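Note sheet for the following structure.
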Amino acid sequence: MSKTVVKFGGSSLASAAQIKKAAAIIHADDARRFVVVSAPGKRDSADTKVTDLLYRCCDLAADALNFDEPLALIRERFSQIAAELGVTLDLDAEMDAIRAHLLAGPQREYMASRGEYLNAKVISAYLGFDFLDAASCVVFLDNGAFDAETTHRKLSAAIAHSAGVVIPGFYGAMADGTIRTFSRGGSDVTGAIVARAAESDLYENWTDVSGMLAADPRIVSSPRSIDYITYQELRELAYMGASVMHEDAVFPVRKAGIPINIRNTNAPADAGTMIVPTLPQGYTGQRVTGIAGKTGFSSIHVEKSMMNGEVGFGATLLQILAAHGLPFEHCPTGIDTMSVVVNTAHLAPVREAVLSEIEERLHPDLLKVEDGLAMIAVVGEGMVFSRGTAAGIFKAISDAGINIRMIDQGSSELNIIIGVQEEDYALTINSIYQSVIKTA
Ligand code: ASP
């Protein structure tokens, strides 16, 4: 029988009404036996996430200030949810334990974890599923790093025979029982870890959008959603700022080859986005999967005649950057020129030192820095196989009257990186979107 791990985000579980939608989704398919939950999120834009209320209690307690108000709001949230679902939960005992912890000297990560913990208790009772505390099977090392292999062993054993289990996302524990959390949005990571441990066929990540969009909706109006995207394409787009789920959530499932399906709890009939190891055979969808970009880059441009004959020139240039702890993003080269694109904020503290060392060690004919650059990644595995896509991209940019400052094609051949001046950023993305994504 197939196995699906379902993870529901905070907005999908923000109220009893939302939890009922999630339960209907779970009950609609027997494969959905492994459920990972976030803490209740915002019910509307003015609302506060339970996790943020928990952090607030912790900060107040740490300053020896009164935390009654946020704590009462948390209590009210859960008691309302439990009452509307008709679930009995010993909220008094749970809240007393949290209060005692706050008074004894709060730990931020323990406090933050209580939202997922309580929500999983309520939801497991409502579904009639087992509750499995992540503290017993999601393992962190003493240095605070996540221990993937011990977790995999413990979790696999804990859920092997489960007919239905709810696991709180976002946290785990060290050997001495101290609670640790992943970074914000980390329930996605728990979902991926559970998907691998359950040897599931699919990891469904239920959120409040019908999949990942092909471009940032703040820049392109109503962009289309992506039906299929490979892990590799997702990584390229996520690196350039497209956000759909926690970045670390991809690794465990990618390793196991488990596809991820981003779905919408409020529109369960929508197919959402499938994140897959490779595109399905005969897939004839989009050549360009998506566009993403970022501003705030600088290009260090070096020119020296006969550079191509000088062995070690490029290595020295990159070594200088590395010695100053400056990571680089791209490095397009010509016969006698080399540019290194770096994040302007990273460059700022070491700028003078890096430039003078380049002068001293490489004696370039020309050394200059161009600031105010935006980098745009056009990503799509099919792109290289389709004639004219690159031409379409560059024609769209030139028709819009935009001057391209830099072009780089990743060696994976699934992206083309275009550097433009920051003032041309939005127009470039729109032009590319309209010409090679919207009309495809
Ligand atoms: N509740 C946590 C947060 O707000 C983790 C999560 O929802 O994934 O970041």
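All ligand and atom numbering here is 1-based and tracks the order in the structure. Position 1 is the first residue of the sequence, and the numbers go up from there. Bear in mind the structure is a predicted one, so any value in this text is a computation, not a measurement.
- Below 4.0 Å from some heavy atom of Ser187 lie the following atoms of ligand 1, by number and element: 5 (C), 6 (C), 7 (O), 8 (O).
- Between the side chains of Asp424 and Asn403, no donor-acceptor pair is found at a separation under 3.5 Å.
- The closest approach between any non-hydrogen atom of Gly10 and ligand 1 is not below 4.0 Å.
- Ionic pairing of Asp208 and Lys42 is not present here: no N-O contact between side-chain nitrogen and carboxylate oxygen is shorter than 4.0 angstrom.
- Atoms of ligand 1 found under 4.0 Å from any heavy atom of Arg184, numbered from 1 in the order shown, are 3 (C), 4 (O), 9 (O).
- Using a 4.0 Å heavy-atom cutoff, His246 is absent from the residues neighbouring ligand 1.
- By the 4.0 Å N-to-carboxylate-O rule, Arg184 lies close enough to Asp52 to be salt-bridged with it.
- Taking a cut-off of under 4.0 Å to the non-hydrogen atoms of Glu116, the atoms of ligand 1 that pass are 1 (N), 2 (C), 5 (C), 6 (C), 7 (O).
- Looking at Arg75 and Asp92, a side-chain N of the basic residue comes within less than 4.0 Å of a carboxylate O on the acidic one, giving a salt bridge.
- A search for salt bridge (charged side-chain N to carboxylate O under 4.0 Å, His left out) contacts involving Arg405 returns Glu370, not counting sequence neighbours.
- For Lys49 and Glu116, the salt-bridge test fails: no basic side-chain N is under 4.0 Å from an acidic carboxylate O.
- Every atom of ligand 1 with a heavy atom of Thr51 under 4.0 Å away is listed here by number and element: 1 (N), 2 (C), 3 (C), 4 (O).
- Heavy-atom separations between Gly169 and ligand 1 are all 4.0 Å or longer.
- Ligand-side atoms of ligand 1 in range of Ser38: 6 (C), 7 (O), 8 (O), range being under 4.0 angstrom from any heavy atom.
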